[in-house]
Protein chains: 2
Amino acid sequence: MNSSAIALTVGQLAKHAEVGVPTIRFYERRGLLPVPARRTSGYRQYPPDSVRRVRFIRHAQELGFSLREVQELLALSIDPGKSCADVRTRAAAKVADIEAKTASLNRMRKVLLKLMNNCPGDGPTDACPILLAMDDEHER
Amino acid sequence: MNSSAIALTVGQLAKHAEVGVPTIRFYERRGLLPVPARRTSGYRQYPPDSVRRVRFIRHAQELGFSLREVQELLALSIDPGKSCADVRTRAAAKVADIEAKTASLNRMRKVLLKLMNNCPGDGPTDACPILLAMDDEHER
DNA sequence: CTCCACCCTGCACCATAGTGCAGAGTCAAG
DNA sequence: CTTGACTCTGCACTATGGTGCAGGGTGGAG
């Protein structure tokens, strides 16, 4: 509860935000974190709400946004000319991305399961239908 | 139909397998393609069935296998001590991988859709529930 | 005043799957 | 024999999201 708690060092920020110290500096280089104030010694001084910012980045990543996209979301949240609709648009695009990825993964999964069904599970590898399917023109 | 057609240059192999020339050399460095014979000039000479090999790699990649995993599949197909069951095991592991990825993507998708539902679609970004959700501790 | 933990910068490196380029040599058609 | 397309090697670079290290400087407790 002392008044010196109004600023955090990188290490303290990293700890509170549960990331590594180099990650913080990496985010700064990438423009995801504002360039912080410095002490005369050069030590970075972070306001306590930087912790929220770093967590925001992590949460957005968990939702599938790349760091570049997180940067765009942060830009939206700062630009007063942008509205909730802009954010929604990004979210909708990300949902579409996710659905495309899922569809692709499902196609892979189906093909693999079909191949596994045709595979006796014994015998030499050179008669394995899984390998044979990959080996030849079978795509049509 | 001339007898010189028994060997391919990198360029010819690349063309038939529908990949780039550097990709062929990259696969060779990675041990995915056997080191080919060389002319006295140093030009690589590929047997025609190298085309099948490259296509195998591409097909396996399309099914979600990384190049490292493709290498393992190729090793299985060569090793006479390995059976179809070994290949099946790899395929099953890949299906499990795919299912884990899909589950993760579905979680992301659900959260995003829920957030979009709460979002009015207008108003300033600083009241946007999507951004607010990422901003704070909301995960529990 | 010393000591150790912490901080600074810049650079190199990890994996993944290639792409690009420079500078030199080669092949084959005309 | 020239010309243009192709090939050779090695190295650097792309994107992604960091990690690690060397060689210093700093902060505060004892």
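The chains referred to below are lettered A, B, ... by the order of the sequence lines, with proteins before strands, and numbering in each begins at 1.
- Regarding contacts with the backbone of D:dG18, a side-chain N or O of A:Q61 is found under 4.0 angstrom from either OP1 or OP2.
- Using a distance-only test at 3.5 Å, with no hydrogens or angles considered, a donor-acceptor pair links the side chain of A:T9 to the main chain of A:Q12.
- Rounded to an integer number of Å, the gap from CD of A:E69 to P of D:dA15 is 15 Å.
- At whole-Å resolution of the value, CZ in A:R68 and C1' in D:dT14 are 12 Å apart.
- Residue A:T9 places at least one side-chain N or O closer than 4.0 Å to OP1 or OP2 of C:dC7.
- The NZ-C1' distance, from B:K15 to D:dA5, rounds to 12 Å in whole Å.
- When each of A:R29 and B:G11 is assigned the nucleotide of DNA chain D bearing its nearest heavy atom, the one mapping closer to the 5' terminus is B:G11.
- When the C1' atom of C:dC14 is taken as reference, atom CG of B:L67 falls 17 Å away, rounded to whole Å.
- Between A:Q71 atom CD and D:dG17 atom C1' there is a gap of 14 Å when expressed in whole angstrom units.
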Quick one: what's the B/S/- string for nucleotides 23-30 of chain C, heavy-atom cutoff under 4.0 Å, read 5' to 3'?
--BBS---

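- The 5' end of DNA chain D is approached more closely, in terms of each residue's nearest nucleotide, by B:V21 than by the other of A:S66 and B:V21.
- Rounded to a whole Å, the CZ atom of A:R44 is 17 Å from the C1' atom of D:dG27.
- One can place CZ of B:R30 at 6 Å from P of C:dT16, the figure rounded to the nearest angstrom.
- For the pair B:R25 and B:I57, nearest-nucleotide mapping onto DNA chain C gives the more 5' position to B:I57.
- Checking the phosphate oxygens (OP1, OP2) of C:dA17, no side-chain nitrogen or oxygen of B:Y27 falls inside 4.0 Å.
- Between A:E28 atom CD and C:dG10 atom P there is a gap of 11 Å when expressed in whole angstrom units.
- Comparing the start and finish of the helix from C:dC1-D:dG30 to C:dG30-D:dC1, five pairs each, the helix axis swings through 30°, to the nearest 10 degrees.
- Counting any heavy atom pair closer than 4.0 Å across all strands shown, A:R38 reaches sugar-phosphate atoms only and no base atom.
- Which of C:dG18, D:dT7, D:dG17 sits closest to the side chain of B:F26 comes down to C:dG18.
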